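Keep in mind that the numbers below use all heavy atoms, side chains included, and drop hydrogens, waters and symmetry copies. Chain identifiers are assigned alphabetically (A, B, ...) following the order of the sequence lines, protein sequences preceding nucleic acid strands; residue numbering begins at 1 within each chain. Since this is a predicted model, take the numbers as computed values, not measurements.
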Number of protein chains: 2
Amino acid sequence: MVHISTAHEVLAVVFQVRRLGTPKPQLSVLLWQRAQEPQRGAWSLPGGSLRHDEDMTSSVRRQLAEKVDLREIAHLEQLAVFSDPDRVPATRTIASTFLGLVPSPATPELPPDTRWHPVSALPPMAFDHGPMVTHAHARLVAKLSYTNIGFALAPKEFVLSTLRDIYSAALDYQVDATNLQRVLQRRGVITRTGTTAQSGRSGGRPAAVFRFADSQLRVTDEFAALRPPS
Amino acid sequence: MVHISTAHEVLAVVFQVRRLGTPKPQLSVLLWQRAQEPQRGAWSLPGGSLRHDEDMTSSVRRQLAEKVDLREIAHLEQLAVFSDPDRVPATRTIASTFLGLVPSPATPELPPDTRWHPVSALPPMAFDHGPMVTHAHARLVAKLSYTNIGFALAPKEFVLSTLRDIYSAALDYQVDATNLQRVLQRRGVITRTGTTAQSGRSGGRPAAVFRFADSQLRVTDEFAALRPPS
DNA sequence: GCAAAAGTGTTTTGCGTACACCCATGC
DNA sequence: GCATGGGTGTACGCAAAACACTTTTGC
């Protein structure tokens with residue numbers, strides 16, 4: 001196919017860890033359902049055309065605010081560009097994808113055609129949006145391991161079992177709260193606030209309250225191997 | 001500034017470890033010198049406009065082949081997109097950057113305005129191309145630690161001291177050959193060919209010859225922390 | 001008291017670094 | 001022989017995982 005001109009769109013993979021009826025919360029992604037052909041009924045990532053006077057990060061923030069009324073993005077970063085000439089029909093469109101993270105308790109109002117879907121059970125996705133979600137999830141999993149990126153999924157203050165549930169949902173395996181605490185505390189990623197939470201109805205020792213030390217991305221475990229000599 | 005239309009270019013940060021008179025080889029980047037205003041005389045990354053019928057990876061390969069006659073790219077991956085509306089004058093241009101790696105012994109012919117520059121001493125760079133090189137270098141350093149990306153910088157077959165020099169140049173610190181061997185062998189990244197090399201003029205035990213097991217990127221040390229339970 | 005949940009102490013393990021020591025070659 | 005570079009063996013350290021045990025609450 002030969003195209004006359006090239007458009008550029010930004011698409012955001014926005015994750016939040018949410019309760020969805022199930023006992024344990026699940027990692028979920030924000031999608032909207034197409035009302036028009038092509039691919040009517042399929043689910044799309046939020047986003048849209050880049051304006052001539054904005055850079056891509058501003059564009060993503062603007063579009064999420066305007067189109068799905070979402071403003072609580074705690075972290076936003078570039079992922080990959082999808083540039084196959086035929087990735088969407090008609091106009092040749094290059095897509096730049098972003099990873100956005102929303103803290104857990106926030107539950108913004110959403111337009112009626114927009115919904116959170118658990119990453120483990122995605123609906124039929126429009127165009128190449130499925131692989132984009134997979135890619136974003138892989139990036140999140142990797143960064144949970146060597147950065148403080150958890151700050152963008154967790155509440156401002158939290159108890160360790162809550163944080164364990166968030167990590168478990170994002171990583172898709174049971175994380176041990178004991179070790180999670182020690183790893184994150186040793187690295188200076190989380191700190192105690194000093195206060196303790198109420199015990200639940202069924203008893204149990206009251207839990208210490210923590211918070212993330214930073215609210216910006218920081219690499220906390222730079223060298224996996226081949227460390228420079230000390 | 002308001003722009004009428006938006007152009008899209010691809011730019012490649014191509015690295016090779018090269019001897020440049022100095023005893024130890026150095027990590028170098030391929031640049032060409034601008035003959036026209038704006039920024040005449042400043043050095044640019046190779047690349048150019050994306051065609052309407054090609055994706056970005058093909059475009060990078062094509063442009064490197066056409067413009068600087070470079071075909072021995074062993075590894076090519078996306079880096080970041082630079083989308084500031086005013087990053088270059090006149091037409092608003094979005095730049096997608098790529099990391100390209102050329103194996104060490106290959107010394108392709110270059111056009112006269114094109115040259116390899118050591119990363120440690122970059123010439124005055126055009127536009128925002130300086131930060132692009134820095135970004136690419138950071139990515140390379142990170143991936144040397146947790147992937148087999150060295151395959152794209154090393155010769156097909158090599159002796160361990162050669163590989164040490166390559167890693168040292170790319171990482172910018174002295175790597176210990178003994179430990180490098182053990183780490184890479186344990187991970188299955190390199191294997192012995194069985195043959196041994198000649199000793200140099202000044203004697204010394206003949207070295208074993210190695211090769212990389214794969215010639216495609218592979219993650220070899222996935223989890224820095226928060227490993228799933230075993 | 002007992003169950004439930006949180007937190008601490010201790011052991012084990014795996015991996016990477018550091019370093020001492022042995023090996024094979026040229027001259 | 002001896003210098004030179006290559007390779008192996010081993011001790012050390014660190015960080016994380018695993019798990020037993022203690023603490024603090026509700027009922």
Between B:Phe158 (CZ) and D:dG6 (P), how many Å, whole number?
14 Å
Could you state the atom-to-atom distance from CG of B:Leu160 to C1' of D:dG5 in whole Å?
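The distance from CG of B:Leu160 to C1' of D:dG5 comes to 13 Å, rounded to the nearest Å.
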Walking along DNA chain C from 5' to 3', note the first and the last nucleotide with an atom under 4.0 Å from a heavy atom of chain A, and give both.
C:dA4 to C:dA18
Table please: side-chain donor-acceptor pairs of residues 11-18 of chain B below 3.5 Å, with sequence neighbours left out.
{"from": "B:Gln16", "atom 1": "OE1", "to": "B:Arg18", "atom 2": "NH1", "distance (Å)": "2.6"}
{"from": "B:Gln16", "atom 1": "NE2", "to": "B:Pro103", "atom 2": "O", "distance (Å)": "2.7"}
{"from": "B:Gln16", "atom 1": "NE2", "to": "B:Ser104", "atom 2": "O", "distance (Å)": "3.2"}
{"from": "B:Gln16", "atom 1": "NE2", "to": "B:Ala106", "atom 2": "O", "distance (Å)": "2.5"}

What parts of residues 165-190 of chain A reach DNA chain D, counting only heavy atoms under 4.0 Å away?
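Those residues are A:Thr178, A:Asn179, A:Arg182, A:Val183, A:Arg186, A:Arg187.
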For A:Asp172, look at atom CG and say whether over 12 heavy atoms of other residues, nucleotides or ligands are found less than 6.0 Å away.
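12 or below, so no.
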With a 4.5 Å heavy-atom cut-off, do A:Leu110 and A:Trp32 have their side chains touching?
no
Assess, by modelled atom type and distance only, whether the side chains of A:Ser58 and A:Asp55 contain a donor and an acceptor separated by less than 3.5 Å.
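Yes - a donor-acceptor pair under 3.5 Å links their side chains.
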Parallel, tilted or perpendicular, as decided by the 30° and 60° cut-offs, for the rings of A:Trp43 and A:His117:
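Plane angle over 60°, so perpendicular.
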Nearest 0.5 Å, what's the OG1-CG distance between B:Thr114 and B:Leu31?
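Going from the OG1 atom of B:Thr114 to the CG atom of B:Leu31 covers 9.0 Å.
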Quick one: pull up CD1 in A:Ile73 and NE2 in A:His75 and give me the separation to the nearest 0.5 Å.
11.0 Å
For B:Val209 and for A:Ser202, locate the closest nucleotide of DNA chain D by heavy-atom distance; then report the residue assigned to the nucleotide nearer the 5' terminus.
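Here B:Val209 is the residue nearer the 5' end.
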So which one's nearest nucleotide on DNA chain D is more toward 5', A:Asp221 or B:Ala207?
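Mapping each residue to its closest nucleotide by heavy atoms, the 5'-most match is B:Ala207.
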What's the verdict on side-chain contact (heavy atoms from CB on, under 4.5 Å) for A:Arg192 and A:Gln185, showing C-alpha distance, side-chain angles and the deciding distance?
CA-CA 9 Å; A:Arg192 301 186 113 94; A:Gln185 234 175 346; 3.8 Å; yes
B:Arg205 has its side chain closest, among D:dG6, D:dT23, D:dA17, to D:dG6
If you check every side-chain atom of B:Arg192, which of D:dT8, D:dG5, D:dT24 has the closest atom?
D:dT8
Applying side-chain contact (heavy atoms from CB on, under 4.5 Å) to A:Ser120 and A:Gln26, what does each step give before you reach the verdict?
CA-CA 8 Å; A:Ser120 57; A:Gln26 289 192 273; 3.2 Å; yes
side-chain contact (heavy atoms from CB on, under 4.5 Å) against A:Ser202, all qualifying residues, sequence neighbours excluded
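In terms of side-chain contact (heavy atoms from CB on, under 4.5 Å), with neighbours along the sequence ignored, A:Ser202 is linked to no residue.
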Tell me which donor-acceptor pairs under 3.5 Å the side chains of residues 124-137 of chain A have, and how far apart each pair is, sequence neighbours excluded?
{"from": "A:Asp128", "atom 1": "OD1", "to": "A:Arg87", "atom 2": "NE", "distance (Å)": "3.4"}
{"from": "A:Asp128", "atom 1": "OD1", "to": "A:Arg87", "atom 2": "NH2", "distance (Å)": "3.1"}
{"from": "A:Asp128", "atom 1": "OD2", "to": "A:Arg87", "atom 2": "NE", "distance (Å)": "2.7"}
{"from": "A:His129", "atom 1": "ND1", "to": "A:Leu45", "atom 2": "N", "distance (Å)": "3.0"}
{"from": "A:Thr134", "atom 1": "OG1", "to": "A:Gly130", "atom 2": "O", "distance (Å)": "3.3"}
{"from": "A:His137", "atom 1": "NE2", "to": "A:Ala170", "atom 2": "O", "distance (Å)": "2.9"}

Dot-bracket summary - DNA chain C, pairs being Watson-Crick or G-U whose distances fall under 3.5 Å, with | when paired to another strand
|||||||||||||||||||||||||||
